[in-house]
2 protein chains.
Amino acid sequence: MKPNIKIAADIIIFAITDLTLKILLIKRKYQPFAGLWAIPGGFVEENESLEDAARRELREETGLTDIYLEQLYTFGDPNRDPRGRVISISYFAVVAEAKSVKGGTDAAEAQWFPVSDLPYLAFDHQRIVLYAIERLRNKLEYTTVGFSLLGEKFTLTQLQQVYEAVFNKSLDKRNFRRKVLQLKVLEPLKEWKREGLARPARYYKFSETKFEKLKDKGIFFL
Amino acid sequence: MKPNIKIAADIIIFAITDLTLKILLIKRKYQPFAGLWAIPGGFVEENESLEDAARRELREETGLTDIYLEQLYTFGDPNRDPRGRVISISYFAVVAEAKSVKGGTDAAEAQWFPVSDLPYLAFDHQRIVLYAIERLRNKLEYTTVGFSLLGEKFTLTQLQQVYEAVFNKSLDKRNFRRKVLQLKVLEPLKEWKREGLARPARYYKFSETKFEKLKDKGIFFL
DNA sequence: ACAAAAGTGTTCGATATACACCCATGT
DNA sequence: ACATGGGTGTATATCGAACACTTTTGT
C-alpha cells in the first residue's frame with residue numbers, strides 16, 4: 001500500500017573527555033553525502049523494535065551495550081534524504097567514556113567531536129544534534145542522566161565537571177556539592193582517589209536503591 | 001528494500017469542557033478492533049511531512065485548523081498492529097473548545113471522553129494516551145500551552161479552572177493569580193464577564209508580544 | 001439585605017545564590 | 001614548607017505554600 005517508506009534509527013552518542021562534551025560521528029563512505037560526517041544510524045529491520053534497532057546500531061558502532069538510551073524525536077520531512085522517503089527516528093545515548101569505537105560497515109571512520117566545534121553534517125543531522133544537546137541540558141536538571149556520563153565510581157569534582165561540560169559554564173563548588181548530596185542518591189565509598197600531590201578525593205557511587213525510594217515518594221518525576 | 005512498513009500519524013486531542021479534561025476518540029468502523037474506541041489518526045501520505053499528516057487528520061476529524069500541535073513520541077513495536085508493521089508517530093493537540101466534531105471516513109462516531117474515565121482502547125492507544133497526559137501536565141508547568149485550552153479572552157478564574165482540570169486538584173486562588181500575573185504575559189482587557197448575580201470578572205488575553213520579549217530574555221525555555 | 005463570585009496581602013519555610021578559608025597529601 | 005586540589009559554612013534573596021476577608025454586582 002503505502003509504498004516504500006524506509007525507517008532509520010539514528011543515534012546521538014554523548015560522552016565527556018577532557019572536560020568537554022562530545023558526540024560520536026562517522027564519516028560516510030558511500031553516497032549520498034559520501035565523505036561528510038553524520039551521526040551513526042541505520043535502517044530498522046523488519047521484526048525489530050525501534051529501540052532494539054537503535055541499540056544494535058550503537059553496539060555496531062561502539063561495541064557498547066547496557067547504556068542509557070532514550071528516544072529523541074522523529075524527523076520525517078519528505079525531502080530530508082535524496083534517495084527517497086526516509087523517516088529518521090532519533091535516539092540519544094549517553095556513555096561513560098569516549099572510547100570503544102570501531103568503524104561500522106557504512107562508516108569509513110568514527111571520531112569524537114566537541115559539540116562546540118562540529119563539522120558540517122550530512123542530511124538534516126545538524127538540526128538533530130542541536131535538538132539532542134538541548135534535551136540533554138534540560139534532562140540534566142531534573143533527572144539523573146548526568147551519572148551515566150561517569151563510570152561506576154566518581155568523585156564529586158568529576159561529577160561537577162560533567163555538569164560544567166554540559167552546561168558550558170562553571171559552577172560554585174560548595175553549592176554544587178550541597179545540592180547533589182541533598183538528593184540522597186549518592187553513596188560514599190570507603191575508597192579515595194589519590195593522584196599526584198594533592199589531598200585524596202572520596203569516591204561515590206550512584207545508589208539505584210536510594211533513587212528508587214525517592215521516585216516512590218514523587219521527588220523525581222523523570 | 002525494507003518491505004512494507006507503514007507510517008501512521010495518531011493524535012491525542014485535548015480539550016476542556018465542564019471543568020474536565022477530555023480527549024477525542026473515534027469508534028472504529030472496520031477491522032482490526034472494529035467497534036472499539038481509538039485515537040484519531042491515519043496513514044502518512046507519500047509526499048507529506050509528518051506534521052502535515054497530523055494536521056490533515058486533525059482537520060478531517062474536527063474541522064479545526066490553526067491549533068497547538070506537538071510531536072509526542074513514536075511507537076514502533078513490531079506487533080502493535082495485527083495487520084503488519086505500522087509505526088505510529090503520535091502528536092498531541094490542544095483545542096479551545098470541545099466541539100466542532102464530525103465523523104471521519106474511518107470513523108463510525110466521534111466522542112469526547114474525560115481522561116479519568118476512558119473506555120478500553122484499540123491497539124496500544126491506552127499507553128499513548130497516558131503518555132500524552134503526562135506530557136501535557138509537565139508542559140503546563142513550564143510553558144504556555146494552558147492558554148491554548150481557552151479561547152481568545154478569558155477570566156483568571158477560567159484559567160485557574162484549566163489548571164485544576166489538568167492537574168485534577170484545586171489550587172489556591174491568591175497564589176495562582178499572583179503567579180500568572182507575575183509571568184507578565186497577560187493583558188487585561190477593558191471588558192468584563194457579567195453573568196448571573198455576581199461581581200463581573202475581568203477578561204484577559206494572552207499577549208504574544210509580551211511573551212516573545214520574555215523568551216528573548218531566557219525566562220521561558222520551552 | 002443577601003447571595004454569589006471576584007478580588008486582594010502577609011507570614012513562613014524552603015530553596016538558590018554569593019562568597020573565602022582550612023585540610024590532607026606528595027614531593 | 002609548599003604546591004595541589006579536596007573539603008566545608010553562613011548570610012541573603014527568592015520562590016512557593018498556607019491562610020480569610022472585603023468588594024461588586026443582580027435580585
Side-chain angles (χ1 to χ4, degrees), chain A residues 16 18-19 137-138 140-144 146 150 153-205 214 217-221, chain B residues 18-19 137-138 140-143 146 150 153-205 214 217-221:
Chain A
I16 288 180
D18 306 323
L19 308 184
R137 287 193 175 133
N138 284 340
L140 206 59
E141 282 179 339
Y142 63 93
T143 70
T144 57
L150 292 165
K153 63 185 184 189
F154 47 84
T155 67
L156 294 183
T157 300
Q158 288 172 329
L159 183 59
Q160 182 173 345
Q161 286 162 348
V162 164
Y163 278 75
E164 290 179 333
V166 175
F167 288 130
N168 195 30
K169 70 174 181 191
S170 59
L171 303 171
D172 182 87
K173 190 174 20 168
R174 286 164 291 187
N175 292 338
F176 179 81
R177 291 163 104 94
R178 183 181 23 249
K179 199 158 143 189
V180 299
L181 290 175
Q182 269 173 356
L183 289 179
K184 306 257 188 230
V185 296
L186 292 187
E187 194 169 304
L189 302 178
K190 287 210 171 56
E191 206 176 335
W192 281 261
K193 175 178 170 229
R194 36 192 75 244
E195 193 179 73
L197 58 164
R199 175 173 177 176
R202 181 155 210 163
Y203 276 120
Y204 289 78
K205 69 170 192 176
L214 290 177
K217 289 186 197 158
I219 295 174
F220 289 94
F221 57 96
Chain B
D18 308 322
L19 307 184
R137 287 192 175 135
N138 284 339
L140 207 59
E141 283 179 339
Y142 62 94
T143 71
L150 291 164
K153 63 186 185 189
F154 47 85
T155 67
L156 294 184
T157 300
Q158 288 171 329
L159 184 59
Q160 181 174 346
Q161 285 164 347
V162 164
Y163 277 75
E164 290 179 333
V166 175
F167 289 129
N168 196 29
K169 69 174 180 192
S170 58
L171 303 171
D172 181 87
K173 189 171 25 164
R174 287 164 290 185
N175 292 338
F176 179 81
R177 292 163 104 95
R178 181 181 24 247
K179 199 158 142 190
V180 299
L181 291 175
Q182 271 173 355
L183 289 179
K184 304 258 188 230
V185 296
L186 292 186
E187 194 169 304
L189 302 178
K190 287 211 172 57
E191 208 177 333
W192 280 260
K193 176 178 170 228
R194 36 191 74 246
E195 193 180 73
L197 57 163
R199 175 174 178 174
R202 180 154 211 163
Y203 275 119
Y204 289 77
K205 70 169 190 175
L214 290 177
K217 290 186 197 158
I219 295 174
F220 289 94
F221 58 97

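Just so you know, these numbers come straight off a predicted model, no measurement behind them. Residue numbers begin at 1 in each chain, while the letters A, B, ... track the order of the sequences.
- The shortest non-hydrogen separation linking B:L19 to B:A165 is O-CB, 3.4 Å.
- Between A:Q182 atom CD and C:dT17 atom P there is a gap of 13 Å when expressed in whole angstrom units.
- Between the NZ atom of A:K193 and the P atom of C:dG26 there is a distance of 14 Å, rounded to whole Å.
- Rounded to a whole Å, the OH atom of B:Y203 is 12 Å from the P atom of C:dG7.
- For the pair A:L183/A:T144, no side-chain contact is recorded, criterion being any heavy-atom separation below 4.5 Å from C-beta on.
- Looking only at side-chain heavy atoms (C-beta outward), B:Y204 and B:L150 stay at 4.5 Å or farther from each other.
- The minimum heavy-atom distance between A:D172 and A:N175, with the atom names listed, is OD2-N, 2.9 Å.
- To the nearest 0.5 Å, the span separating CG on B:L197 from CD on B:E195 amounts to 10.0 Å.
- Atom CG in A:L181 sits roughly 8 Å away from atom P in D:dT8 (whole-Å rounding).
- From B:L156, atom CG reaches atom CD of B:Q161 across 11.0 Å, with rounding to the nearest 0.5 Å.
- Residue B:L19 contributes atom CG, which lies 12 Å from atom P of C:dA5 at whole-angstrom precision.
- Of the candidates C:dT17, C:dT10, D:dG7, C:dT17 carries the atom nearest the A:N175 side chain, counting heavy atoms from C-beta on.
- Between A:R202 and A:L189, the closest side-chain pair of non-hydrogen atoms is not below 4.5 Å.
- For the residue pair A:F167 and A:R137, the shortest heavy atom distance occurs at CE2-O, 3.6 Å.
- Between the CH2 atom of B:W192 and the P atom of D:dG26 there is a distance of 14 Å, given to the nearest Å.
- Within the 4.0 Å cut-off from OP1 or OP2 of C:dA6, not a single side-chain nitrogen or oxygen of B:R202 is found.
- Atom CZ of A:R177 and atom C1' of C:dA20 are 15 Å apart (whole Å).
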Kindly give the atom pairs (protein nitrogen or oxygen, nucleotide nitrogen or oxygen) under 3.5 Å for nucleotides 23-25 of chain D.
from	atom 1	to	atom 2	distance (Å)
D:dT23	O2	B:R199	NH1	2.9
D:dT24	O2	B:R199	N	3.4
D:dT25	O2	B:L197	O	3.4

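- Within residues 162-174 of chain B, the residues that have a heavy atom under 4.0 Å from DNA chain C are, in order of number, B:K173, B:R174.
- Contact of A:R178 with D:dT10 (side chain to base): a donor-acceptor pair of N or O atoms is detected under 3.5 Å.
- B:Q160 places no side-chain N or O within 3.5 Å of a backbone atom of B:R177 that could act as its donor or acceptor partner.
- For the pair B:T157 and A:E195, both in contact range of DNA chain C, the more 5′-proximal nearest nucleotide belongs to B:T157.
- The CD atom of A:Q160 sits 14 Å away from the C1' atom of D:dT8 (whole-angstrom rounding).
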